[in-house]
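Following: one structure in structure tokens, then a few remarks.
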Amino acid sequence: VMDGSAFLEASRKIDEAAKYSSKASNEIVVGRAHFDNESFLETFLEDPTNTTNFFISYYKSVLKRVQVKIVVKNLLTTYVNVISPLESEKCQAPKKTKGVDDFPLKEILSLFIASDQLTFGKRVIEGYIRLSCQDVLTEKEGYNGQHFCTRTLASGPKLLTSVYDPLVSLCNVLGWKTVEDSLVESVQKICQYGHPRGGQFEYMETSLDLIEKIHPAPVGDSDCSRVCVKMATVACDEMFKGLKVLHERVTQGYLILTPLYRKFIRLIANFCPAMAPRFESFMKNVDVDDIVYPILTDEEFRSIASASDVVKNTLRQLTLHYAQLLHTRVSSDPDIVTAWTVPNAQACQNAKFRDFLQSHCKQTFDWQVRKSDHEGLHQEMRALVNAGDVECKSHRPGNLYHFKITKLKTCRVHLNVLSCSCSSYVNEKKITQEPAECLRHSTNVKRVRDEKMLESLKAFYLTPEEIRGLSSQKRKAVDALGNDADDVVLTGVVGVAETVAKRVKAAEDAGEVIEIL
């Protein structure tokens, strides 16, 4: 590995050899001695970053001593053939832990552009993209003297955002069509390898920043615009996938995605407004309380969306859709709530799970339990898993093994018959159940919040005609939340039947239209 001492030693040898190189031909020999051999390839694979730094310094030192073009060309050719071999079978992965996270991409690319070797510059970009997408294996020595390997996951070509000036210069000279495939691939790889560890989503912003830095203005008819539209389309596809992963952490209170959505909607408005209908459909399936409402009421987001008539109309439709949803919520019977249910709970005989499976309030049950017990627990829950009632998984959030059960079905129940063990529930140290709040208490809090959100939408974002449309909606006596997939628990529940009867009578007296599902 070319560390600091190796770098100094190599520089000393180069300077020593240069003292005896009175002719240009000797400089070619010096270049071959240090770069045109297998040792340079091996050094590069061990540490591409430091080897490239060394090459840049060496190249500049040679350039000061000799101006023969063939010397320069040979040096550049040797480097390019290492970072981006023409034969795919010669491509190998770097081995050092650092990989290429600190790779001097801007410096090496600028060097090739200054040397008027633009075709080589394109190969440098291609080589960097390839290297950045390869995991790095590092050999380490353990306490007992035995060697083992650790794997560092690739992070993708995220450094491209720092080289957009030389990158644009390269594309303008070679032609955007020539570099199109590499640019589109880079966006895809940034998203593909930018793992959302711990809920982080910087990799999504990186892909959007790259496109906007290359082409900050709305698109036109240029080749650059056409390529950026293609890049933006790929970025949008990856964004829809990535946001699904992050939404769960938002609902748990760990993340705020509004800044990311601002960039997302700007990308759609400026580059691919044809994605607006897909964005609308996507947002209609997202949690309204923790994600959609903060986004819809963000003034910067709305201002960005207004830049495109298509996106502006999408925003209006989304605002009206969620206003209707909130209106339906606050107009529903406050005593009928959406709860979690396991229809086949009796199929599980494990006493540890019994209260959880019968409780309407809890959705997840996470138990820290020995790894050796997991196979038996999965076996006990297999009937419920096969019935589609629950999902079970073993996971390891840290050094300890956990067994997690997640309910998959909901129902509509009256508070009078709510099956709840929250009052007697003791949160054991090794067991976590979510949500933490009881439905009896959280329902009232949620209703007050829904009313405030609805009034805010009415006051600032809805027209008088749209508000009148909300008031004239047909009310649904049973399925008040507008979720047709929910089943209303009626069997053996007198309270629900009485509630429905009272609402029908009151509606008839008031001359309202009632739909009984």
Say you draw a straight line from [atom1] of [X] to [atom2] of [Y]; how long is it, rounded to the nearest 0.5 Å?
X	Y	atom1	atom2	value
L384	F353	CG	CZ	10.0 Å
L296	L457	CG	CG	7.0 Å
Y193	K158	OH	NZ	14.5 Å
C392	K404	SG	NZ	11.5 Å
L109	F103	CG	CZ	10.0 Å
F365	M381	CZ	CE	9.5 Å

Decide yes or no on side chain to side chain contact (heavy atoms under 4.5 Å, CB included) for I108 and I56, but give the supporting numbers first. CA-CA 7 Å; I108 191 67; I56 294 172; 3.9 Å; yes

Quick one: does any side-chain atom of [X] pair with a main-chain N or O of [Y] as donor and acceptor, under 3.5 Å?
X	Y	value
D135	A154	yes
S110	E107	no
S456	M453	no
N81	T77	yes
R123	L118	no
T51	P48	no
K362	A436	yes

Verdict with supporting geometry, D298 and R262, salt bridge (Lys or Arg N to Asp or Glu O under 4.0 Å): CA-CA 9 Å; D298 182 76; R262 290 175 191 153; 2.9 Å; yes

Can a side-chain donor-acceptor contact be found between [Y] and [X] if the only test is distance below 3.5 angstrom?
X	Y	value
S222	S225	yes
S84	Y128	no
N270	H215	no
H378	S394	yes

Among I268, L208, I211, I304, exactly one meets side-chain contact (heavy atoms from CB on, under 4.5 Å) together with K263. Which residue is that? L208

Quick check: F301 with Y261 (ring centres under 6.0 Å apart)? no

Centroid separation under 6.0 Å, is that true for the rings of F279 and F264? yes

Cation-pi check, K407 onto F356 ring (under 6.0 Å, within 45° of axis): yes

Does the structure place the NZ or CZ of R316 under 6.0 Å from the centre of the six-membered ring of Y461, at an angle of no more than 45° from the ring's axis? no

Let's go through R130 and E126 carefully: what are the C-alpha distance in whole Å and the side-chain angles of both, what is the deciding distance for salt bridge (Lys or Arg N to Asp or Glu O under 4.0 Å) to 0.1 Å, and is it a yes or a no? CA-CA 6 Å; R130 177 183 60 82; E126 294 169 346; over 6 Å; no

Closest non-hydrogen atom pair, [X] against [Y]:
X	Y	value
A235	L267	CB-CD2, 4.0 Å
V311	A276	CG2-CB, 4.3 Å
V310	P273	CG1-O, 3.7 Å

Evaluate salt bridge (Lys or Arg N to Asp or Glu O under 4.0 Å) for D237 paired with R278, printing each intermediate quantity in order. CA-CA 10 Å; D237 285 334; R278 182 178 174 184; 2.5 Å; yes

What's the verdict on side chain to side chain contact (heavy atoms under 4.5 Å, CB included) for R302 and T297, showing C-alpha distance, side-chain angles and the deciding distance? CA-CA 8 Å; R302 299 187 74 90; T297 55; over 6 Å; no

What salt bridge (charged side-chain N to carboxylate O under 4.0 Å, His left out) pairs are there with at least one residue in residues 164-175, not counting sequence neighbours? none

Test: D289 and R449 ion pair at under 4.0 Å: yes

Determine, step by step, whether L167 and L183 satisfy the side chain to side chain contact (heavy atoms under 4.5 Å, CB included) criterion, reporting the C-alpha distance in whole Å, the side-chain angles of both residues, the deciding distance to 0.1 Å, and the verdict. CA-CA 10 Å; L167 181 61; L183 293 176; 3.9 Å; yes

Residues K122, T178; criterion side chain to side chain contact (heavy atoms under 4.5 Å, CB included); working and verdict: CA-CA 9 Å; K122 174 177 177 290; T178 303; 3.8 Å; yes

Quick check: do [X] and [Y] have side-chain heavy atoms less than 4.5 Å from each other?
X	Y	value
Y58	L75	yes
M231	Q188	no
V369	Y401	no

Determine the interplanar angle of the F403 and H374 rings, folded into 0 to 90°, and report it as parallel if under 30°, tilted if 30 to 60°, perpendicular if over 60°. perpendicular

Salt bridge (Lys or Arg N to Asp or Glu O under 4.0 Å), that's the test. Do D309 and K312 meet it? Break it down for me. CA-CA 5 Å; D309 291 339; K312 183 178 180 179; 5.8 Å; no

Not counting sequence neighbours, which residues clear salt bridge (charged side-chain N to carboxylate O under 4.0 Å, His left out) with K409? List them please. D389

